[in-house]
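Computation of the quantities below employed the complete heavy-atom set of this structure, encompassing side-chain atoms and omitting hydrogens, waters and symmetry-equivalent molecules. Lettering follows sequence order; numbering is per chain, from 1.
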Protein chains: 2
Amino acid sequence: MKLKDLSELLHLSQTTVSRALNGYPEVAEATRRRVLAAAEAHGYRPNMRARSLATGRAMAIGHVIPVTARHEMVNPVFADFVAGAGEVYSRRGYDMLISIVPDEDQEQAYRELRTKGSVDGLIVHAPKLGDPRVHLLSEIGMPFVVHGRASDAALPYSWVDMNNTHAFRRATDLLLDLGHRRIALINGLENMDFAIRRRAGFEEAFSARGLAPDPSLMASEEMTEGFGHDTARALLAGPAPPTAFLVSSIIPAIGVRRAIEELGLRMGRDISVITHDDDLSYLKNRAEVPVFTATRSSVRDAGRRAAEMLLNLVETPGSGPHEELLEAELILGQSTGPLLQSVSR
Amino acid sequence: MKLKDLSELLHLSQTTVSRALNGYPEVAEATRRRVLAAAEAHGYRPNMRARSLATGRAMAIGHVIPVTARHEMVNPVFADFVAGAGEVYSRRGYDMLISIVPDEDQEQAYRELRTKGSVDGLIVHAPKLGDPRVHLLSEIGMPFVVHGRASDAALPYSWVDMNNTHAFRRATDLLLDLGHRRIALINGLENMDFAIRRRAGFEEAFSARGLAPDPSLMASEEMTEGFGHDTARALLAGPAPPTAFLVSSIIPAIGVRRAIEELGLRMGRDISVITHDDDLSYLKNRAEVPVFTATRSSVRDAGRRAAEMLLNLVETPGSGPHEELLEAELILGQSTGPLLQSVSR
DNA sequence: TCGCATATCCAAAGCGCTTTGGGGTGAGTC
DNA sequence: GACTCACCCCAAAGCGCTTTGGATATGCGA
């Protein structure tokens with residue numbers, strides 16, 4: 001059923017039918033009702049490709065996921081973000097287009113999305129230090145919102161981010177207040193903007209007390225369970241083991257917990273752990289007393305907000321760059337406790 | 001830069017330029033090279049919407065994700081599947097369109113995808129018992145591949161699935177061989193096709209020995225860490241606790257492990273655990289001796305295969321339904337051991 | 001020299017929709 | 001009764017591409 005068929009069926013022109021369906025005022029209310037009823041009855045749906053071609057709007061938002069040998073961005077955190085964003089898109093009538101591209105083809109991919117016209121806007125994921133994408137997209141002239149920040153970008157741009165520095169500052173303060181001094185930082189890849197900010201918060205808390213963290217207790221890698229486990233295991237077996245861990249995601253935190261338990265220690269008594277908690281739907285840290293003491297900030301919510309922001313940007317071009325900084329809650333769980341005076345090891 | 005501009009620039013017709021770019025034979029080799037060079041130099045990319053409109057092909061594959069109050073399909077397993085599929089799509093020049101739709105709007109959503117013409121084919125996720133989608137899509141006449149099977153579908157259809165029954169049969173056999181009799185099954189939602197098959201394998205192993213599983217040891221829910229933990233905790237505290245667990249995914253298995261450890265027991269010695277392992281990139285179970293004894297089958301690989309199959313279906317219409325059954329490996333890890341004669345509790 | 005393949009290229013007609021720039025028609029005004 | 005002016009509605013021109021159905025050249029044998 002195409003527009004033409006429908007219009008012939010109704011003995012109306014395509015123009016009138018189109019206007020009736022799209023809510024233009026210059027069509028009599030009675031006619032509109034007649035058109036809407038017929039469209040409904042025959043299950044008419046406008047062909048998006050044709051509509052897009054005519055309007056110049058794709059009614060779709062793109063997420064380009066760079067995949068490198070080292071960094072795999074299709075992770076549970078990304079999944080939750082996308083789930084949040086997707087809700088908003090479908091509510092507002094947009095499609096979500098996900099492009100998995102080898103890192104080296106990335107610039108290419110962005111430019112193509114522009115000229116191919118398959119999306120109206122983009123979400124930029126996992127900004128790195130010196131990330132070229134902000135510059136590139138501004139140049140290309142396509143609306144975009146960054147999930148996170150690209151600290152060193154010269155141009156203004158829109159973003160939704162969590163206050164990483166503050167969250168990690170607070171978490172570190174809590175551990176320091178509990179008496180811990182040898183605190184390990186299990187962080188994400190160190191060229192990631194969020195990882196840099198988290199480390200900054202961590203170091204800030206130390207230096208505010210005239211202390212300094214031990215660099216040998218800081219590790220940065222892709223945030224897998226295995227990374228958390230192996231690092232914790234190695235550090236705990238080392239000559240001067242940490243008494244506490246600050247971890248960048250609940251996934252490596254699960255690995256840290258495993259390492260602690262393998263060594264016959266008890267998390268929260270022998271070793272304290274605070275993790276950042278993205279409040280992932282499948283890995284909830286939400287018991288009456290949560291397992292992990294955590295800085296919690298829902299990444300799904302961040303996805304919703306970023307999508308909302310982007311659609312506004314797309315629909316009101318020129319509306320200046322927007323920024324949204326989300327604060328994490330500090331949740332007290334079972335994984336933290338005061339430094340034991342005599343560590344029984 | 002549009003086709004028209006490029007053709008004027010080259011003093012050629014749009015026809016010739018289009019043909020040169022798309023590899024048609026009726027254009028001189030010299031001309032083709034000239035066209036390609038110019039296209040490259042000016043960064044010409046055909047507008048996909050226009051091309052789609054003209055060819056009738058969308059060059060995109062859709063994944064419709066139903067979201068209900070209870071069931072949240074954007075989970076880590078889905079993420080890995082999509083990552084695999086996405087690789088294939090981009091390699092073969094397709095886009096991936098993800099639609100998050102409330103469950104009740106699902107039929108609507110599928111029909112729309114058809115008439116809106118935004119995709120050439122679909123992947124059907126998480127088939128349930130009595131799933132109407134196979135029938136619906138056949139009727140609509142859009143190519144699709146099911147990830148899993150819809151056991152009770154009357155029509156033939158294409159699918160990629162893991163041999164759930166066999167995998168769980170083998171896992172259960174292993175536990176029975178180790179002497180376990182009180183084995184708990186921590187399964188996915190029971191209306192899911194895969195969950196039914198897994199349960200069948202589980203029961204089959206028992207009945208092959210003239211035994212029967214204890215129904216009070218079987219639980220079915222959304223496969224979260226919390227579900228695994230809470231169920232294991234409750235069962236282990238019950239009057240006749242299990243001595244082993246068979247778990248449907250590594251995420252609840254992590255919860256089971258947590259419950260075991262909270263009770264001061266040791267997994268692999270006091271309590272045995274076998275889990276199905278989708279080989280998720282962020283939750284790898286791949287140490288020298290893996291933590292969990294597991295039936296392993298990469299869901300990312302399944303994504304690749306399903307995508308491959310679907311694109312073939314799309315590109316060679318009428319090529320009959322295809323089927324692919326993947327076998328899981330049985331991996332021996334640290335989480336299983338013989339039944340202790342005197343359970344020290 | 002002519003005729004006829006063969007090799008190259010082109011003009012124009014869509015694909016299904018939106019939107020511009022009018023036209024009728026009837027009610028209201030003087 | 002002539003004239004506005006809303007109010008509804010329409011024909012036709014794109015949007016940028018592919019593809020059909022020729023047109024023009026070129027080369028070759030007869």
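- To the nearest angstrom, C1' of C/dT8 lies 15 Å from CG of B/L10.
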**Q.** Verdict with reasoning, B/V101 to B/I65, per side-chain contact (heavy atoms from CB on, under 4.5 Å)
**A.** CA-CA 6 Å; B/V101 202; B/I65 311 179; over 6 Å; no
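- Rounded to an integer number of Å, the gap from A/E26 CD to C/dG21 P is 14 Å.
- B/M48 has its CE atom 17 Å from the P atom of C/dG16, to the nearest Å.
- Distances shown here put a side-chain N or O of A/K2 below 4.0 Å from the OP1 or OP2 atom of C/dG16.
- The OH-C1' distance, from B/Y24 to C/dA7, rounds to 18 Å in whole Å.
- Residue contacts shown for A/R19 include a base, since a base heavy atom lies under 4.0 Å away.
- An OP1 or OP2 oxygen of C/dC10 is reached within less than 4.0 angstrom by a side-chain nitrogen or oxygen of B/S13.
- The CG atom of B/L6 sits 15 Å away from the C1' atom of D/dT18 (whole-angstrom rounding).
- Residue contacts for B/S52: at a heavy-atom cut-off of 4.0 Å it reaches no nucleic acid atom on any strand shown.
- For the OP1/OP2 pair of C/dT18 and a distance below 4.0 Å, the side-chain nitrogens and oxygens of A/N22 include at least one atom meeting the criterion.
- When each of B/A50 and B/A28 is assigned the nucleotide of DNA chain C bearing its nearest heavy atom, the one mapping closer to the 5' terminus is B/A28.
- Qualifying side chain to side chain donor-acceptor pair (under 3.5 Å) partners for A/N47, counting only residues two or more places apart in sequence or in other chains: none.
- A/M1 places its CE atom 15 Å from the C1' atom of C/dC17, with the value rounded to the nearest Å.
- Spacing between atom CG of B/L12 and atom C1' of D/dT24 amounts to 15 Å, rounded to whole angstrom units.
- The side chain of B/Y44 contributes no N or O atom lying less than 4.0 Å from OP1 or OP2 of D/dG16.
- A donor-acceptor contact under 3.5 Å is formed by the side chain of A/T15 with the base of C/dT19.
- Contact annotation: B/S18 does not reach the phosphate of D/dC17 (side-chain N/O to OP1 or OP2, under 4.0 Å).
- One interatomic measurement links the two molecules: CG of A/L21 to C1' of D/dC9, which rounds to 15 Å at whole-angstrom precision.
- Sorted by first and then second residue, the side chain to side chain donor-acceptor pair (under 3.5 Å) pairs with a member in residues 37-46 of chain B read A/E112-B/R45; sequence neighbours excluded.
- Ranked by how close their nearest DNA chain C nucleotide is to the 5' end, B/V27 and B/T55 are led by B/V27.
- Listed pair A/T31 / D/dC9 meets the phosphate criterion, a side-chain N or O lying under 4.0 Å from OP1 or OP2.
- Note: A/H125 and A/H147 have perpendicular aromatic rings, judged against thresholds of 30 and 60 degrees for the angle between ring planes.
- Residue B/T16 has a polar side-chain atom (N or O) positioned under 4.0 Å from OP1 or OP2 of C/dC10.
- Here the NE2 atom belonging to B/H322 is positioned 14.5 Å from the CZ atom belonging to B/R305, to the nearest 0.5 angstrom.
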